[in-house]
Amino acid sequence: MVQPMSTPASNQSSRHIHVRPSQKDETDVRSFFDNAVEGMFRKARNGRFILVNPALARIFGYASPGEMLRNFSVDQDKITLDAGRFLDLLTELKNKGEVKNFEMQFRRRDGLLMWVLINARTVYTVKGSIKYYEGTLVDITGRKDAETEQAIIDEQIRQSQRMEAIGIVAGGIASDFSTLIRPIVSSTESALRQSSGNEQVQRDLNTILGAANSAMALIKQFQTISRQGKGEMRPTTLQPLLAEAIGDFRSTLPDHIQFFEEISANNRTVLADAGQIRQVIDNLLENALLSIPAAGRITVRMAEVEFDERTGAFRADLIPGKYLRITVQDSGAGIPEQLLPRIFDPFFTTRSNEDAQGLGLAVAHGIARAHDGGITVLSEEGLGSTFCLYIPFYDQEIDQSLPIAPSPRLGSERILLVSPDEQEIRKWRSLLVPLGYRIEAVSGSVEALRLFLESPDSFDLIISTFAMPQMNGLELARTLLGIHPTTRLVLCADPADPITHEIALSAGVLTLAYKPLNTNKIFQLVQSALEDHQE
């Protein structure tokens with residue numbers, strides 16, 4: 001029996017026909033893979049790269065795909081920064097079969113950090129097990145940097161607007177409270193002058209006056225925060241001012257604190273109130289010291305910087321131009337990230353002791369902004385803080401041909417110094433003792449009164465600071481002058497202290513001098529007081 005012949009159709013339906021791609025198709029696919037702008041990869045189930053294209057090798061810092069395949073397993077621990085994030089990627093691939101727009105940070109082979117965007121899928125065998133992973137990877141570092149920078153600029157703008165609003169509120173509070181407090185001060189002073197025969201009444205009135213004076217000091221600080229207290233702006237150079245502040249600060253440093261400075265000679269001129277700028281520098285130095293609980297270091301630098309429109313916004317909302325930058329860096333405890341936006345708020349402080357008012361940085365910020373400058377802070381908990389003060393250049397240079405100050409007066413007079421600040425006492429001693437003056441120093445008004453009562457005629461001059469516990473300098477002056485009316489007494493006050501020349505002179509004080517006092521001012525102050533006494 002003759003069997004029928006199979007037709008082509010029946011042969012085609014009875015077996016699978018495998019069509020091999022042409023050589024041209026393979027070449028096209030290979031060209032697409034090799035020349036793709038995006039990084040392309042194939043990974044085995046164990047995470048080892050099977051296939052990478054040149055773009056991926058370049059992204060990770062390798063010269064070729066072959067070099068990456070040979071070395072990536074050795075470099076992987078250094079390249080993969082976040083093992084947990086990488087595990088999330090693998091888990092999502094296994095559970096969902098794909099990941100889309102997955103952002104992750106890596107470290108290139110040359111050490112540079114980069115952000116990448118990954119899109120990948122899981123390829124399965126016919127039995128449903130994982131065969132390998134494949135996908136694309138794009139370097140998005142530029143975009144992420146731009147987003148981060150924009151976020152910082154936006155935060156700076158929000159912070160600037162917030163501080164502007166706080167300044168407006170502070171100015172309103174200062175104005176209203178000043179109106180209320182001034183009659184209390186003047187009336188209490190008038191009552192004191194009329195109550196000389198009643199010690200109890202005088203003590204009560206002094207208590208009222210002390211509280212009122214403290215309120216006036218707070219008002220002045222609010223005026224500074226609101227930029228109402230601009231001070232006396234003069235063309236000046238900051239290098240000598242900074243050098244003097246550093247010299248005073250060094251003398252009080254404990255042994256466990258290392259101090260470094262990078263201050264080169266600089267005669268750039270700024271338009272500033274020297275006393276207020278010194279106040280800011282002292283505050284930043286003091287904050288740095290208080291932030292170091294044990295051994296540590298403080299570094300102070302001064303440099304010239306220039307900002308354009310973009311970098312100005314990036315640095316404390318500064319207008320474009322040239323600035324002097326004073327940097328105070330410490331290795332202390334740092335500031336928690338959630339607290340940084342509040343660091344310049346009035347009354348906000350991270351210190352727990354009773355003396356911490358929380359106004360130092362708020363006042364410093366107000367002074368900087370009143371000088372058309374600014375303050376920035378970079379800090380990380382456990383890694384210390386860096387504060388930068390920016391003051392714009394003034395377009396005129398100071399005349400360097402001004403006459404040199406005359407030599408200080410030699411003397412043998414006995415001078416009583418009254419100040420709770422040991423650093424201040426040491427400074428006055430170091431300047432006056434070598435000139436022949438006999439110096440007695442006490443830390444408070446009660447000790448000064450006790451020493452004075454022992455021998456009221458023995459002191460040729462008394463120099464007292466204003467801010468002291470129990471009895472301030474003005475109250476001490478009134479008491480001493482009541483005992484011995486011919487006593488020569490000079491008061492030294494901070495710009496924020498609630499005292500004016502008129503109040504001091506009406507109390508019988510010879511001179512009111514505002515801190516900080518540089519070396520020449522101290523010599524002039526002593527010379528003027530003693531020469532006037534001789535006349």
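In this structure, CE on Met68 lies 11.0 Å from CG on Leu51, to the nearest 0.5 angstrom. Note: Arg369 CZ to Asp372 CG = 7.5 Å, rounded to the nearest 0.5 Å. To the nearest 0.5 Å, atoms OG (Ser291) and CZ (Phe387) are separated by 8.5 Å.
With hydrogens and angles disregarded, a donor-acceptor distance shorter than 3.5 Å links the side chain of Ser64 to the backbone of Glu67. At distances below 3.5 Å, at least one donor-acceptor pair connects side-chain atoms of Thr141 with backbone N or O atoms of Trp115. A donor-acceptor pair under 3.5 Å is absent between the side-chain atoms of Thr299 and the main chain of Phe260, judged by distance alone. When atom types are taken as modelled, the side chain of Arg278 and the backbone of Asp282 share no donor-acceptor pair closer than 3.5 angstrom. The backbone N or O of Gln276 sits nowhere less than 3.5 Å from a side-chain atom of His371 that would complete a donor-acceptor pair. Within the 3.5 Å criterion, the main-chain N or O of Pro240 finds no donor-acceptor partner in the side chain of Glu244. Here the side chain of Thr80 pairs no donor or acceptor atom with the backbone of Asp82 at under 3.5 angstrom. Judged by distance alone, the side chain of Asp330 and the main-chain N or O of Ile298 form no donor-acceptor pair under 3.5 Å.
Here the closest non-hydrogen pair linking Phe393 and Val270 is CA-CG1, 4.4 Å. Taking each heavy atom of Leu389 and Val280 in turn, the nearest pair found is CD2-CG1, 3.9 Å. Nearest heavy-atom pair, Gly384 versus Ser379, reported as atom, atom and distance to 0.1 Å: O-OG, 3.1 Å. Contact between Cys492 and Leu517 at its shortest, heavy atoms only, is SG-CD1, 3.8 Å.
The closest side-chain heavy-atom distance from Asn53 to Leu56 is below 4.5 Å. Side-chain contact between Ile391 and Leu238: present, with at least one pair of heavy atoms (C-beta onward) separated by less than 4.5 Å. Thr236 places none of its side-chain heavy atoms less than 4.5 Å from the side chain of Leu241. Side-chain contact between Arg325 and Tyr390: present, with at least one pair of heavy atoms (C-beta onward) separated by less than 4.5 Å. Contact of the Tyr133 side chain with the Val123 side chain is not registered, since no non-hydrogen atoms from C-beta on lie closer than 4.5 Å.
Every residue two or more places apart in sequence or in another chain that forms a side chain to side chain contact (heavy atoms under 4.5 Å, CB included) with Asn35 is listed here: Ser31. Asp110 meets the side chain to side chain donor-acceptor pair (under 3.5 Å) test with Arg108; sequence neighbours excluded. Judged as a salt bridge (charged side-chain N to carboxylate O under 4.0 Å, His left out), and not counting sequence neighbours, Asp139 has no contacts. Applying the salt bridge (charged side-chain N to carboxylate O under 4.0 Å, His left out) rule to Arg48 yields no partners; only residues at least two apart in sequence or on another chain are considered. Every residue was checked against the salt bridge (charged side-chain N to carboxylate O under 4.0 Å, His left out) condition with Asp77, not counting sequence neighbours, and none meets it.
A salt bridge is defined here as a Lys NZ or Arg NE, NH1 or NH2 lying under 4.0 Å from an Asp or Glu carboxylate O, and Glu424 with Arg429 fails to meet this definition. Between Glu103 and Arg85 there is no salt bridge, since no side-chain N of the basic residue sits under 4.0 Å from a carboxylate O of the acidic one. The residues Arg121 and Glu134 are annotated as salt-bridged, a charged nitrogen and a carboxylate oxygen being separated by less than 4.0 angstrom.
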CA sep, side-chain torsions, deciding dist, call: Thr465, Lys515, side-chain contact (heavy atoms from CB on, under 4.5 Å): CA-CA 9 Å; Thr465 193; Lys515 303 177 186 178; 2.7 Å; yes

Steps toward side chain to side chain donor-acceptor pair (under 3.5 Å) verdict (Gln239, Arg268): CA-CA 8 Å; Gln239 194 269 340; Arg268 290 290 188 181; over 6 Å; no

side-chain contact (heavy atoms from CB on, under 4.5 Å) assessment of Met104 paired with Phe102: CA-CA 7 Å; Met104 189 171 174; Phe102 192 93; 4.3 Å; yes

Audit row: Leu289, Ile257, side-chain contact (heavy atoms from CB on, under 4.5 Å) steps and yes/no: CA-CA 8 Å; Leu289 179 60; Ile257 303 295; 3.9 Å; yes

Show the atom names and distances, to 0.1 Å, of all donor-acceptor pairs under 3.5 Å that link a side chain in residues 87-99 to residues at least two apart or in another chain.
unit_1	atom_1	unit_2	atom_2	d
Thr91	OG1	Leu87	O	2.8
Asn95	ND2	Thr91	O	3.3

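In this structure, Phe307 and Tyr323 have tilted ring planes: the angle between them lies in the 30° to 60° band. Classification of the Phe72-Tyr62 ring pair by plane angle, with boundaries at 30° and 60°, yields tilted.
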